[in-house]
Protein chains: 2
Amino acid sequence: MLDIGVTNSNDKNHKVKGRTSSGPTIEDVVARVSDLIKQERLGPGDRLPPERELAKQLGVSRPSLRTGLRALSSMGLLKSRQGSGTYVADGTPTLDSEPLRLLAALHGFSVVHMFEARSILEVGAAGLAAEHATPEQLATLAEEIAEMYAALGDPQQYLVHDVRFHRAVAAASGSPMLATLIEMVSSVLYERRRETVERKHDFRGSLDLHQQVYRAIRARQPEEARAAMREHLLRAQQAFARECEAEIPAQVSEDSKVQNVGV
Amino acid sequence: MLDIGVTNSNDKNHKVKGRTSSGPTIEDVVARVSDLIKQERLGPGDRLPPERELAKQLGVSRPSLRTGLRALSSMGLLKSRQGSGTYVADGTPTLDSEPLRLLAALHGFSVVHMFEARSILEVGAAGLAAEHATPEQLATLAEEIAEMYAALGDPQQYLVHDVRFHRAVAAASGSPMLATLIEMVSSVLYERRRETVERKHDFRGSLDLHQQVYRAIRARQPEEARAAMREHLLRAQQAFARECEAEIPAQVSEDSKVQNVGV
DNA sequence: CGACAGATAATGGTTTAACCGATGACGCGA
DNA sequence: TCGCGTCATCGGTTAAACCATTATCTGTCG
């Protein structure tokens, strides 16, 4: 069992919020659990104390504690399993991309902007991958390429391995933070791509460029890897734009985008 | 007042949410409020109905509703003001960077990785800014440069305008999503920089490179802007690394911080 | 008639208490 | 020894109530 350092102030009953800064009680919970993570008293996969106990230790009510934990869960940092417990998220470092998705919807980020951001991130990742990729990571890249060949006739399946290839490039960059960001942006874009992918893509051309990216990474040629990735994403964006245009005539009123000025 | 489309199922008492997935009630709340945003029935600055009323409309209890709203707040998408109401976040599109900060702490992202990610993002932003910056944005950039000159003797103040300059470059890129990502990454890094900035920086050299970035953007020279930004961030990273190395020997007992969790 | 101040209502913030459903371990029996 | 059922544990949800802050209304005074 994990015992939080400070047993809280249950020495007395006085719930005196004096100024234990308990103004925002729930923010308090988030902050203190966060501290536990920052101090490495909690690591990926660790189990938190039961809610009732943790609530006592932190000196807050269970609903307040729950709200705080739920906030952390919605960030993708905790996972709760009823009847079992609450655990720190393990596995690949990932943030829930729903917030970014909502922010995009709220401010009307255009697909072009998302492709721009994705391109910048992934081109950078390709360059780093060419410098840092391990043999295992190279093997993973090769495998996904092979799977893509095998799935040339199955758009949905092809897209699956397409996504995995890009994810593998991100991982091969050796920069987990970069991989996290790419995952978030791609996830937002993916939702929109999935809808249009049924139509015929230029799969062969797409696959060729994937191959070029892979070869450049394997050959430790950062600039070539970046160029190939840039070219690939540029074409993907153009293909997406064509598909949308071909489809948009039905989707008129763009007036809804009035608010997209954002920034 | 905003009336949610589906007045819910209060026709009967049966709390049956049909398949509105009566399972995770709170996820339901998040999903349905998210939908309101996606459907543009809610825009930046809009006020949500009072909690008690919204809870009735959605057919959930107030605590559940609150937990859902709190989750959205912790993402940085809603803002609650006691006595007033709950509002959709307005202003510059921003996500709370605390989640990223925690993820970094949890998986031990190194500062090097963060600088890598930041460099990739900001170099890309500088390139886009050179292509898209508006006259107003150029003016903002020039102002921040001027403020930095004025603050050469005041490290804290200098850093403020340094940050603002980079933020302005991100805004000038014309890609709000890119700006959002940069803000998140920078925010995580900033926390660590603030601590070491007191020591003497090579402000003049830093300022010169900022100038180069600005001039390249104004001259519509994307490649030059990228190169200058890359060089600037590279030096900043090196300077940071030097400071850390020079300082680490002194950082002994961190154990004193264990107990001060009292917040 | 207008401006200020206090009262009042509305709203988010928090807690207590209770019940439900899922999970998993323990022990009993075959 | 293995399998199954029971039961304690744990998260999930709700209801009701109270507190603190804010906004608004109202009445009085200048």
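Chain letters run A, B, ... following the sequence lines, proteins first, then strands; residues in each count from 1.
- Here A/Lys56 does not pair with A/Glu53 in a salt bridge; the nearest charged N to carboxylate O distance is not below 4.0 Å.
- Considering only the side chain of A/Arg52, C/dC19 comes nearest among D/dA23, C/dG13, C/dC19.
- As rounded to whole Å, 17 Å separates atom P of C/dT23 from atom NZ of A/Lys79.
- Taking every side-chain heavy atom of A/Thr25 into account, C/dT14 is the closest of C/dT14, D/dT14, D/dG11.
- For B/Ser84, taking side-chain heavy atoms from C-beta onward, the closest of the listed nucleotides C/dG12, D/dT22, D/dG12 is D/dT22.
- For A/Gln82, the side-chain atoms get nearest to D/dG12 when compared with the rest of D/dC10, C/dG13, D/dG12.
- Residues B/Ser187 and B/Ser97 share a closest heavy-atom pair of OG-OG, 2.7 Å.
- Closest of all the heavy-atom pairs between B/Thr86 and B/Ser80 is OG1-OG, 3.1 Å.
- Contact annotation: A/Arg66 reaches the phosphate of D/dG12 (side-chain N/O to OP1 or OP2, under 4.0 Å).
- As a whole-Å value, the separation of B/Leu65 CG from D/dG12 P is 17 Å.
- The shortest non-hydrogen separation linking B/Ser74 to A/Ser74 is OG-OG, 3.9 Å.
- Look at B/Ser61 and you won't find any side-chain N or O under 4.0 angstrom from OP1 or OP2 of D/dA15.
- Judged by closest nucleotide on DNA chain C, B/Glu51 is the one of B/Glu51 and B/Pro63 placed further toward the 5' end.
- Comparing C/dG13, D/dT14, D/dG12 by their nearest atom to the side chain of A/Arg62 picks out D/dG12.
- Under 3.5 Å, the side chain of B/Arg81 and the base of C/dG13 form no donor-acceptor pair of N or O atoms.
- Regarding B/Leu48, its CG atom lies at a distance of 16 Å from the C1' atom of C/dA10, rounded to whole Å.
- Here D/dG11 presents its P atom at 7 Å from CZ of A/Arg47, a figure rounded to the nearest Å.
- Residue contacts for B/Thr67: at a heavy-atom cut-off of 4.0 Å it reaches no nucleic acid atom on any strand shown.
- In terms of heavy-atom proximity, A/Gly91 sits nearest to B/His107 at O-NE2, 3.4 Å.
- For A/Leu78 and D/dG12, the CG to P distance is 11 Å, given to the nearest whole Å.
- Toward the 5' end of DNA chain D, the nearer of the two residues B/Gly83 and A/Pro50, judged by each one's closest nucleotide, is A/Pro50.
- Remark: C1' of D/dT14 and NZ of B/Lys56 are 16 Å apart, rounded to the nearest angstrom.
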